[in-house]
Amino acid sequence: MNAKARYNGKDSFDDWKKDWALEERYNFKKIEEKWQKIWDDEKAYKVEIDPDKEKFYALVEFPYPSGAGLHVGHPRSYTALDVIARKKRMQGFNVLYPMGFDAFGLPAENYAVKTGIHPAVSTKANIENFTRQLKSIGLSFDWDRCFNTCDPEYYKWTQWMFLKFFEKGLAYKSKIAINWCPSCKVGLANEEVVNGCCERCGAEVVRKDKEQWMIAITKYADRLIDDLKDVDFIDRVKSQQINWIGRSEGAELDFEITDDNGVLLNKKLRVFTTRPDTAFGVTYMVMAPEHEYVEYFKDKFANYAEIQNYVAQTAKKSDLQRTADDSKTGVELKGIKAKNPFNGKLIPIFISDYVLTGYGTGAIMAVPAHDQRDYDFAKVFNLPIIQVLEGGDISEKAYEEDGAHINSEFLNGMGKEDGIKAAIEFAKEHSFGEAKINFKLRDWVFSRQRYWGEPIPMVYCEHCGWQPINESELPLKLPEISDFLPNDEGDSPLAKATDWVNTTCPKCGGKARRETDVMPNWAGSSWYFLRYCDPHNDKEFASKEALDYWMNVDWYNGGMEHTTLHLLYSRFWHKFLYDCGYVPTSEPYNKRTSHGMILAENGEKMSKSRGNVINPDEVIDSYGADAFRMYEMFIGPFDQTAMWSDESLNGVYRFINKIFALFGKVTKKALSAKDLQVMHKCILEVSERIDQMRFNTAVSSMMTYVNYLAGLEEIPQEMYETLLKLLAPFAPHLAEEMWARLGYETLIVKEGWPKGNAELAKDNSVTIAVQINGKMRGTIEIERDADKEKVISTAKALENVAKQLAVSEPKKIIVVPNRIVNIVI
RNA sequence: GCGGACAUGGUGGAAUUGGUAGACACGCUAGACUUAGGAUCUAGUGGCGCAAGCUGUAAGAGUUCAAGUCUCUUUGUCCGCACCA
């Protein structure tokens, strides 16, 4: 321990004491600067593997280091888990609470396009700024474990994991439609498309087919749902993930395609349906305009021009336009028919944009009587509507509830469950269909036509096709370029680095080209929590020893906006590594919680354009880090949206000042019975409320306690010390300072957490409410656990009660011990 | 449309899970004090009423000795997904 640093350059504690004795005002600047330096110098929050201690891994989502700096929303999450981490530390756990930076991303690249400043340069500056800001809040991160995802020493392993995905056949190339801005000549992520237009230039975004790397997350869809059973995630996170994955059970059925006369054309139209039992109500079929049969059967169509026209129109529409308008359009494919395998009937086939190419098989059997969309379509095109389920009034609208089957031959009379079973059985017997589970979840599009991301470590050879580069060549570093715009074809800026692109095939040694797309942002953040376990390892992404000790993350807090992206991707990624044997557990996070947003004072979202952004630097400058932290916790229920209020912040600041001022009344006086009771009550409340993330009420408990202390002539030192310990997770600088002023030479953050005693916390007299017919008539003071008879007689003696009892007899008296007496008359 | 959350003073929010509604804080009112400091201290503060008292947790009904809390209906707000077959 560097004693000189601790005592502000003074040689001894006594000298230093003289110095601060002059400082009678709460000078948070001086206090916070000093303790931050001491924590830093002494590496107070550094952790190592210690098999003798129980570990606790607390994690918050690492930030993207934007140019704007920290937002007041970030510290809400960071402070919350800091409070939890600090309490766990005081309770004797070996706590890992790390921080790093998710440093690849678009803003740095856009900034580079605008200014010519290399993303690596601006990102480095931003990380420095973020680090300074985070340190100024006094968060107890182990800074020795800090890393950022754009460091080749880190992304080496991201690339290595991609090679594993490829090796196991989960990474593949596929032609898919991407959002394309014809003006910027760039592919856009969905998040960059605003109302169907390019976020940057405002031009209308079109769809364009491009070869992209995909990762087969859908292979894990079932497990991503099922394993939610075993983790402690807040319900809305679970339900959102389940909803997003969108599992639905049904069947796939084949309908033979024929010409108009019923002559088989040797092709089957496969459809997915959740209600195979309604097959007798099918009156037409619909394919997505992109369906391959539109091209395949073009020679058969009597109205091909009309069909082509519709296909072209659909292609021009953005997803938004396509879904915003729910009026039904389409074109019949004249010249072909489908044959219903259940009853042999020939029915017409249409194309329509209400059928999507990306879901199921891209084709449906339409049951207009029992599906509102099919019903609407049938009305527009005047198609027959056959009711096959009893109930409703299908002259008005489709009947989508359950009912017994009618007009359905062998299914007649059956309910939904039996009907579905029987229909699938029939399809199997006649080999035209089978049970099938479908998901809304799509495979993960893993290519970005960008510069500032991890290069995908793949090489294309004319002879050998796509080949992975040798692991020994990792990291495959980004080439240095100066022009960050994509080329006219929309290829990644990397395509211009020809020296880098042209390489040799790892398999045959012949000429080959590198993949020029980079990985999406989500790549680096999909496994970062593993790296924290062993951040400086250059042999493995983390050692087995470190993973075995530190994993799982015990408590992960982050924004709801990441529920269906980052949180799902990282769970999937982790499961994949688990299947490969690289990590010890199948789920990475034991517990997931989420914080609410912080809005501006008027209830609007904070944004640069509205000019209502609260800058943490300014808050800390005028109120101090402790007041800032404390206010972030006091602002409202942690999981709910909260509104910033300077006045409330000031109230918390006053509270902190009060604690500082109480120091003057601290004496060696012994605790009274009441003192003891109040103290233990506070310990119990604060402890419990921290664990439950009810930080706002934990702070209230401390305020109540402080109000009690303020009312005392002299404050017993033990009571004040307890306050400081309870305060330490919230306002660590002040707690540390006052702890030192009490004469301690240890750090309070390393002290033990106070233990509350429920027996001592009980007041020995209680106030009991007295009601007549449920209406409050007064209260009585009586000793705790007084016997029933005594409580009743005391209650009856109350003036208000006696008055009533004089005129009517009690019918019934209910006594709830230590709570209430209710006299029914 | 589907899924989720929610509705309490002038404001942010408490309420031991069915047991004194409004803790704690902000704001406001009145007073005190001052080395005028983002001061501090004291008292008050859901509504109506001079008071005793009455009334009160989005609206309506119900269960109960007792409902902010449980059940049903209605209304409204926020979030996520959305022509998912």
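Throughout, protein chains are lettered first and strands after them, A, B, ... in sequence-line order, and every chain is numbered starting at 1.
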Atom pairs, N/O to N/O, protein against nucleotides 15-18 of chain B, distance under 3.5 Å?
| unit_1 | atom_1 | unit_2 | atom_2 | d |
| --- | --- | --- | --- | --- |
| B:A15 | OP1 | A:R694 | NH2 | 2.4 |
| B:U16 | O2 | A:R819 | NH2 | 2.7 |
| B:U16 | N3 | A:R819 | NH2 | 3.3 |

Only one of A:K681, A:R784, A:K674 passes salt bridge (Lys or Arg N to Asp or Glu O under 4.0 Å) with A:D763; say which it is. A:K674
Indicate, with a heavy-atom threshold strictly under 4.0 Å, whether [X] touches base, sugar-phosphate, or nothing.
{"X": "A:Q771", "value": "base"}
{"X": "A:V824", "value": "sugar-phosphate"}
{"X": "A:T767", "value": "base"}

Solution key, residues 648-660 of chain A side-chain donor-acceptor pairs under 3.5 Å, sequence neighbours excluded:
| unit_1 | atom_1 | unit_2 | atom_2 | d |
| --- | --- | --- | --- | --- |
| A:N657 | ND2 | A:Y653 | O | 3.0 |
| A:K658 | NZ | A:N707 | OD1 | 3.0 |

Give me the ring orientation class for A:H595 and A:F638: parallel if the planes are under 30° apart, tilted from 30 to 60°, perpendicular past 60°. tilted
Classify the ring geometry between A:Y293 and A:H291 as parallel (under 30°), tilted (30 to 60°) or perpendicular (over 60°). perpendicular
Of all the choices, [options], which nucleotide is nearest to the side chain of [X] once you look at every atom?
{"X": "A:R777", "options": "B:C24, B:C54, B:G19", "answer": "B:C54"}
{"X": "A:K812", "options": "B:C65, B:C81, B:G19", "answer": "B:C65"}
{"X": "A:S700", "options": "B:G13, B:U20, B:A23", "answer": "B:A23"}
{"X": "A:Y354", "options": "B:U20, B:A14, B:C83", "answer": "B:C83"}
{"X": "A:K775", "options": "B:U20, B:U55, B:G3", "answer": "B:U55"}
{"X": "A:T274", "options": "B:G3, B:A85, B:A23", "answer": "B:A85"}
{"X": "A:S248", "options": "B:C83, B:U20, B:A85", "answer": "B:A85"}

Taking the same atom, P, in B:U55 and in B:U74, what whole-Å distance lies between them? 30 Å
With rounding to whole Å, what would you report as the distance between B:G18 and B:A25 at their P atoms? 28 Å
Would you kindly give the CD-to-P distance between A:Q240 and B:G4, to the nearest whole Å? 11 Å
Mind calculating the distance between OH (A:Y284) and C1' (B:A85) to the nearest angstrom? 11 Å
A:E252 with A:R270: basic N within carboxylate O range, under 4.0 Å: yes
Would you call A:R275-A:E417 a salt bridge at under 4.0 Å N-O? no
Does anything in residues 355-369 of chain A reach RNA chain B, meaning a heavy atom under 4.0 Å, and if so which residues? A:V355, A:L356, A:Y359, A:I364
Ring centres under 6.0 Å, that's the criterion: do A:F439 and A:W244 meet it? no
Quick one: are the ring centres of A:Y284 and A:F381 less than 6.0 Å apart? no
A quick test of your reading: do over 12 heavy atoms of other residues, nucleotides or ligands sit less than 6.0 Å from CG of A:D787? yes
Which residue lies toward the 5' end of RNA chain B, A:K803 or A:P637, if each is placed at its nearest nucleotide? A:P637
Between B:C81 and A:K440, counting only base atoms on the nucleotide and side-chain atoms on the residue, is there a donor-acceptor pair under 3.5 Å? no
Are there any protein N/O atoms within less than 3.5 Å of an N/O atom in nucleotides 25-32 of chain B, and if so, which ones and at what distance?
| unit_1 | atom_1 | unit_2 | atom_2 | d |
| --- | --- | --- | --- | --- |
| B:A25 | OP1 | A:N707 | ND2 | 3.1 |
| B:C26 | OP1 | A:R654 | NE | 3.2 |
| B:C26 | OP1 | A:R654 | NH2 | 2.7 |
| B:G27 | OP2 | A:R654 | NH2 | 3.1 |

Cation over ring face, A:K328 and A:Y354, 6.0 Å, 45°: yes
Applying the Watson-Crick and G-U criteria (both distances under 3.5 angstrom) with [ ] for crossing and | for other-strand pairs, one obtains for RNA chain B (((((((..(((......[....)))((((((.......))))))(((....)))..(((((..]....))))))))))))....
Derivation and outcome, side chain to side chain contact (heavy atoms under 4.5 Å, CB included), residues A:I715 and A:L662: CA-CA 8 Å; A:I715 298 171; A:L662 287 181; 3.8 Å; yes
Would you tell me if any nitrogen or oxygen in the side chain of A:N800 comes within less than 4.0 Å of OP1 or OP2 on B:G53? yes
Considering only distance and modelled atom types, tabulate donor-acceptor pairs under 3.5 Å from the side chains of residues 558-569 of chain A, sequence neighbours left out.
| unit_1 | atom_1 | unit_2 | atom_2 | d |
| --- | --- | --- | --- | --- |
| A:H562 | ND1 | A:E61 | OE1 | 2.9 |
| A:H562 | ND1 | A:E61 | OE2 | 3.4 |
| A:T563 | OG1 | A:M560 | O | 2.8 |
| A:H566 | ND1 | A:S525 | O | 3.4 |
| A:H566 | NE2 | A:Y556 | OH | 2.6 |

